[in-house]
Peer 1: 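Provided herewith is a single structure, encoded as structure tokens, for subsequent inquiry.
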Amino acid sequence: MLTVQTYGEENSHPPILIAHGLFGSARNWGVIAKRLSEARRVLVVDMRNHGDSPWMEAHSYPDLANDLAEVIAAHGGTADVMGHSMGGKAAMVLALTHPEAVRRLVVADIAPVAYGHTQQHLIDAMRKVDLSVIESRRDADTQLARHVTTDGVRAFLLQSLDVKARKWRLNLDVLEKDMELILSFPEVRGTFDGPTLFLTGAESDYVRHEDRPAIKALFPSAKFAKIPGAGHWLHADKPREFEASLRAFFSAT
């Protein structure tokens, strides 16, 4: 089973499950999870091939969805689910293939379509860091800066670096092998008719207006909302607004 960080106490409400995006981990979501846990039990997973979860030979969305279903089954059988980017695609497949496990669904800044912007360059950059000589995260950042110029992207990637063990907490080989699967979206039959919110950053182009027919075909009850001033990493750009959106949607009756 996936590694799960839990926040808050069990109560009469189903837990909230949070699924992170590519190269992320549960630790990226700690602040938001802790705040949401004031009223709900919150489960934050490390997806397979990320963080402290098992490294597996496949990284397809049906596999990721089954991982999430297993976690939900171990925590009561039903959850409100939020997935960001890769985690959003996994959450969508979860809702479509295990609808009984999902009460309400939030998909953060991703659509059920194929994307063309590969993240292979970031895998290449991480591989170019000589881990044998690093003594601190700053050492790794200095090396990574030669290949990744954006400070925020480097800081994000370095959260998955175990400095003491001198290794990445990412299965780069499998993520590279299955990059095409990660960028695509599988053919899934059926629909998820439960309450669904597609929450996007107003400055992001990951979910386009022309994607809405594909979304509505799979999620007939889908609603759409944008967070002003936020890009693809909307939870990092506007954490309070993002948290408020989740709180309002998941607490609706």
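Computed from heavy atoms alone, side chains included, the values below leave out hydrogens, waters and symmetry copies.
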Peer 1: Are F219 and V107 connected in a single hydrophobic cluster, I mean Ile/Leu/Val/Met/Phe/Trp/Tyr linked by side-chain heavy atoms less than 4.5 Å apart?
Peer 2: yes

Peer 1: Determine whether the aromatic ring centres of Y7 and W29 lie less than 6.0 Å apart.
Peer 2: no

Peer 1: Looking only at atom types and distance, does a side-chain atom of K89 sit under 3.5 Å from a main-chain N or O of L183, one as donor and one as acceptor?
Peer 2: yes

Peer 1: Is there a donor-acceptor pair closer than 3.5 Å between any side-chain N or O of D139 and the backbone N or O of S136?
Peer 2: yes

Peer 1: Are L144 and L175 connected into the same hydrophobic cluster when the rule is that any two of I, L, V, M, F, W, Y join if their side-chain heavy atoms are below 4.5 Å apart?
Peer 2: yes

Peer 1: Begin with the C-alpha distance, continue with both residues' side-chain angles, and end with the deciding distance and a verdict on side chain to side chain contact (heavy atoms under 4.5 Å, CB included) for W55 and V174.
Peer 2: CA-CA 9 Å; W55 285 20; V174 168; over 6 Å; no

Peer 1: Taking all heavy atoms of V45 and all of A19, pick out the closest pair and write down the distance.
Peer 2: CG2-CA, 4.3 Å

Peer 1: Check the hydrophobic clustering (I, L, V, M, F, W, Y; side-chain heavy atoms under 4.5 Å; chains of links allowed) and say if F224 and L105 are grouped together.
Peer 2: yes

Peer 1: I'd like to know if the side chain of R104 and the backbone of F249 have a donor-acceptor N/O pair within less than 3.5 Å.
Peer 2: yes

Peer 1: Is a side-chain N or O of D162 found less than 3.5 angstrom from the main chain of A165, in a donor-acceptor match?
Peer 2: yes

Peer 1: Could you tell me whether a side-chain N or O of W168 sits under 3.5 Å from a main-chain N or O of M126, the two making a donor and an acceptor?
Peer 2: yes

Peer 1: Ignoring hydrogens, what is the shortest heavy-atom contact between S204 and G231? Give both atom names and the distance.
Peer 2: CB-C, 3.7 Å

Peer 1: Do R48 and H50 have side-chain heavy atoms sitting under 4.5 Å apart?
Peer 2: no

Peer 1: Do the side-chain N and O atoms of H59 and N49 include a donor-acceptor pair separated by under 3.5 angstrom?
Peer 2: yes

Peer 1: Does E9, at its CD atom, have more than 12 non-hydrogen atoms belonging to other residues, nucleotides or ligands within less than 6.0 Å?
Peer 2: no

Peer 1: Please report the closest heavy-atom contact between R103 and P14, naming both atoms and the distance.
Peer 2: NE-CG, 3.9 Å

Peer 1: Would one find more than 12 heavy atoms of other residues, nucleotides or ligands at under 6.0 Å from atom CE of M1?
Peer 2: yes

Peer 1: Report yes if the side chains of L2 and E70 come closer than 4.5 Å at any heavy-atom pair, otherwise no.
Peer 2: no

Peer 1: Just by distance, do the side chain of S221 and the backbone of D193 share a donor-acceptor pair under 3.5 Å?
Peer 2: yes

Peer 1: Side chains of H117 and Y206, heavy atoms from C-beta outward: is any pair under 4.5 Å?
Peer 2: yes

Peer 1: In terms of hydrophobic clusters joined by side-chain contacts under 4.5 Å, are V81 and V207 together?
Peer 2: yes

Peer 1: If you measure from CD1 on I18 to CG on L246, what distance do you get to the nearest 0.5 Å?
Peer 2: 7.0 Å

Peer 1: How long is the straight-line distance from CG of L157 back to CD1 of I123, given to the nearest 0.5 Å?
Peer 2: 10.0 Å

Peer 1: With side chains defined as the heavy atoms from C-beta onward, is the minimum distance between R127 and L172 less than 4.5 Å?
Peer 2: yes

Peer 1: Within a radius of less than 6.0 Å around NZ of K216, do more than 12 heavy atoms belonging to other residues, nucleotides or ligands occur?
Peer 2: yes

Peer 1: Identify the heavy atoms of A202 and G229 that sit nearest to each other, and give their distance.
Peer 2: CB-N, 4.3 Å

Peer 1: Any side-chain donor-acceptor pair under 3.5 Å between H232 and S85?
Peer 2: yes

Peer 1: What is the distance from atom CD of E203 to atom CD1 of I227, rounded to the nearest 0.5 Å?
Peer 2: 11.5 Å

Peer 1: Do Y61 and L181 touch side chain to side chain, with heavy atoms closer than 4.5 Å?
Peer 2: no

Peer 1: Would you say N11's side chain and A39's backbone share a donor-acceptor pair under 3.5 angstrom?
Peer 2: yes

Peer 1: Give the minimum heavy-atom separation between F242 and I32, together with the two atoms involved.
Peer 2: CD2-CD1, 3.8 Å

Peer 1: When you group the ILVMFWY residues by side-chain heavy-atom contacts below 4.5 Å and let the links chain together, are M86 and M82 in the same group?
Peer 2: no

Peer 1: Is it true that atom CD of E57 has more than 12 heavy atoms of other residues, nucleotides or ligands lying nearer than 6.0 Å?
Peer 2: no

Peer 1: Using side-chain heavy atoms (C-beta onward) and a distance below 4.5 Å, is L218 in contact with V188?
Peer 2: no

Peer 1: Under the salt bridge (Lys or Arg N to Asp or Glu O under 4.0 Å) criterion, do D80 and R40 qualify, and how do the steps go?
Peer 2: CA-CA 10 Å; D80 287 342; R40 301 279 294 277; 2.7 Å; yes

Peer 1: Of the non-hydrogen atoms in V44 and A33, which two are nearest, and what is the gap between them?
Peer 2: CG2-CB, 3.6 Å

Peer 1: Can you measure from CG (L22) to CZ (F156) and round to the nearest 0.5 angstrom?
Peer 2: 7.5 Å

Peer 1: Distance-only, no hydrogens or angles: does the D46 side chain make a donor-acceptor pair with backbone N or O of T3 under 3.5 Å?
Peer 2: no

Peer 1: Would you indicate whether E38, at its atom CD, is surrounded by more than 12 heavy atoms from other residues, nucleotides or ligands within a distance under 6.0 Å?
Peer 2: yes

Peer 1: Within a strict 4.5 Å, meaning less than it, do heavy atoms of the L43 and H75 side chains meet?
Peer 2: yes

Peer 1: Looking at V148, is its backbone amide N or carbonyl O close enough to the side chain of R154 to form a donor-acceptor pair, meaning the two atoms are under 3.5 Å apart?
Peer 2: yes

Peer 1: Answer yes or no: are there more than 12 heavy-atom neighbours, outside K34 itself, under 6.0 Å from its atom NZ?
Peer 2: no

Peer 1: Begin with the C-alpha distance, continue with both residues' side-chain angles, and end with the deciding distance and a verdict on side chain to side chain contact (heavy atoms under 4.5 Å, CB included) for F185 and V93.
Peer 2: CA-CA 9 Å; F185 191 79; V93 176; 3.8 Å; yes

Peer 1: Hey, does the side chain of T196 reach the backbone of G194 with a donor-acceptor pair shorter than 3.5 angstrom?
Peer 2: yes

Peer 1: Does E10 CD have over 12 foreign heavy atoms under 6.0 Å away?
Peer 2: no

Peer 1: Kindly indicate whether the side chain of I134, heavy atoms from C-beta on, has any atom under 4.5 Å from the side chain of L161.
Peer 2: yes

Peer 1: Please test H20 against H84 for side chain to side chain contact (heavy atoms under 4.5 Å, CB included), starting from the C-alpha separation and ending with a verdict.
Peer 2: CA-CA 5 Å; H20 64 76; H84 171 248; over 6 Å; no

Peer 1: Could you give me the CA-CA distance, side-chain angles and deciding distance for L64 and M47, then say whether side chain to side chain contact (heavy atoms under 4.5 Å, CB included) is met?
Peer 2: CA-CA 7 Å; L64 271 62; M47 304 293 275; 3.7 Å; yes

Peer 1: As an exercise, state the distance from CD of Q143 to CZ of R138, rounded to the nearest 0.5 Å.
Peer 2: 14.5 Å

Peer 1: As an exercise, state the distance from CZ of F198 to CG of D109, rounded to the nearest 0.5 Å.
Peer 2: 11.0 Å

